[in-house]
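Following: one structure in structure tokens, then a few remarks.
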Amino acid sequence: MTDELIEAARSALDAAYVPYSDYTVGAALRTADGTVFTGCNIENANYSNSLHAEEVAIAEAVKNGHREFDRLAVSSGVRDGVTPCGMCRQTLAEFCDDDLPVVCDDGDESTTTYTLGELLPATIGPETLESAKHSKKTE
Ligand code: THU
Ligand code: ZN
């Protein structure tokens, strides 16, 4: 059985705006209460302004008051085995624990699941800056 969240990520592919790369990406992020937010990539003529599917999904979720997540799925309409890029991994790490499952679409019924911690170990998180407020490194 295909993961329901993968199905949601695949559905989001239809809205992708990719006139420059032709590489569609869809993401589906599930909140702690089971709500699913999806995102697709939205490119821009100034290439570096392009929005990634994962950041669109998390922005939509946070804007709607959700800050706790328990699962992410990503899919590409072009190539199997897509994973979130480094920037998206860091964006996710702001709100998600290391054990967040990241389900990556390998096509048909097949997926590969990583944890966020596997994809981005030793990340900078909110606690990194929090500890800086209270302590100073001694020499
Ligand atoms: N892309 C995403 O949407 N998510 C990622 O994390 C990897 C890259 C998009 C951005 C661009 O529109 C296209 O894939 C090619 O890089
Ligand atoms: Zn990305």
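Note that ligands are numbered from 1 as they come in the structure, with each ligand's atoms numbered from 1 the same way.
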Judged by modelled atom types alone, do [X] and [Y] share a side-chain donor-acceptor pair under 3.5 Å?
X    : Y    : answer
D106 : T111 : no
E54  : T91  : no
T123 : Q90  : yes
D108 : S110 : no

Ligand-side contact atoms (ligand 1) for residue partner [X], heavy atom cut-off under 4.0 Å:
X   : result
P84 : 6 (O)
E43 : 11 (C), 12 (O), 13 (C)
C88 : 6 (O)

Which one holds for E54 and ligand 1: side chain close, backbone close, both close, or neither close, with close meaning a heavy atom under 4.0 Å? side chain
At under 4.0 Å between heavy atoms, what of S21 touches ligand 1? The answer is side chain
With the Zn ion (ligand 2) as the centre, enumerate protein N/O/S atoms below 2.8 Å in chain and residue order. H52 ND1, C85 SG, C88 SG
Considering all heavy atoms of both residues, which atom of Y23 and which atom of N41 are nearest to each other, and what is their separation? O-ND2, 2.7 Å
min-distance protein heavy atom vs atom 9 (C) of ligand 1 -> N41 ND2, 3.4 Å
Protein contact to atom 14 (O) of ligand 1 [nearest heavy atom, distance to 0.1 Å]: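 Looking only at protein heavy atoms, the one closest to atom 14 (O) of ligand 1 is Y23 CD2, 3.3 Å.
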Per atom 1 (N) of ligand 1, closest listed option by heavy atom (V18, V25, V74): V25
Nearest neighbour of atom 6 (O) of ligand 1 from the list C85, A53, G39, on a heavy-atom basis: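 Ranked by closest heavy atom to atom 6 (O) of ligand 1, first place is C85.
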Do V56 and Y17 sit in the same hydrophobic cluster, where Ile, Leu, Val, Met, Phe, Trp and Tyr count as joined when their side-chain heavy atoms come under 4.5 Å apart? yes
Please report the interatomic distance OG(S76) to CG(L13), rounded to the nearest 0.5 Å.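 One gets 7.0 Å once the value is rounded to the nearest 0.5 Å.
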As an exercise, state the distance from CD of E118 to CG of D99, rounded to the nearest 0.5 Å. 11.0 Å
Plane angle bin for Y47 and Y20 - parallel if under 30°, tilted between 30 and 60°, otherwise perpendicular: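 Taking Y47 first and then Y20, their aromatic rings sit tilted (interplane angle of 30° to 60°).
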Protein heavy atoms: any of them under 4.0 Å from atom 16 (O) of ligand 1? no
For H52, all residues meeting ring-ring contact (aromatic ring centres under 6.0 Å, His included), sequence neighbours excluded: none
Only one of I58, L92, L116 clears side chain to side chain contact (heavy atoms under 4.5 Å, CB included) with L72; which?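 Single side chain to side chain contact (heavy atoms under 4.5 Å, CB included) partner of L72 among I58, L92, L116: L92.
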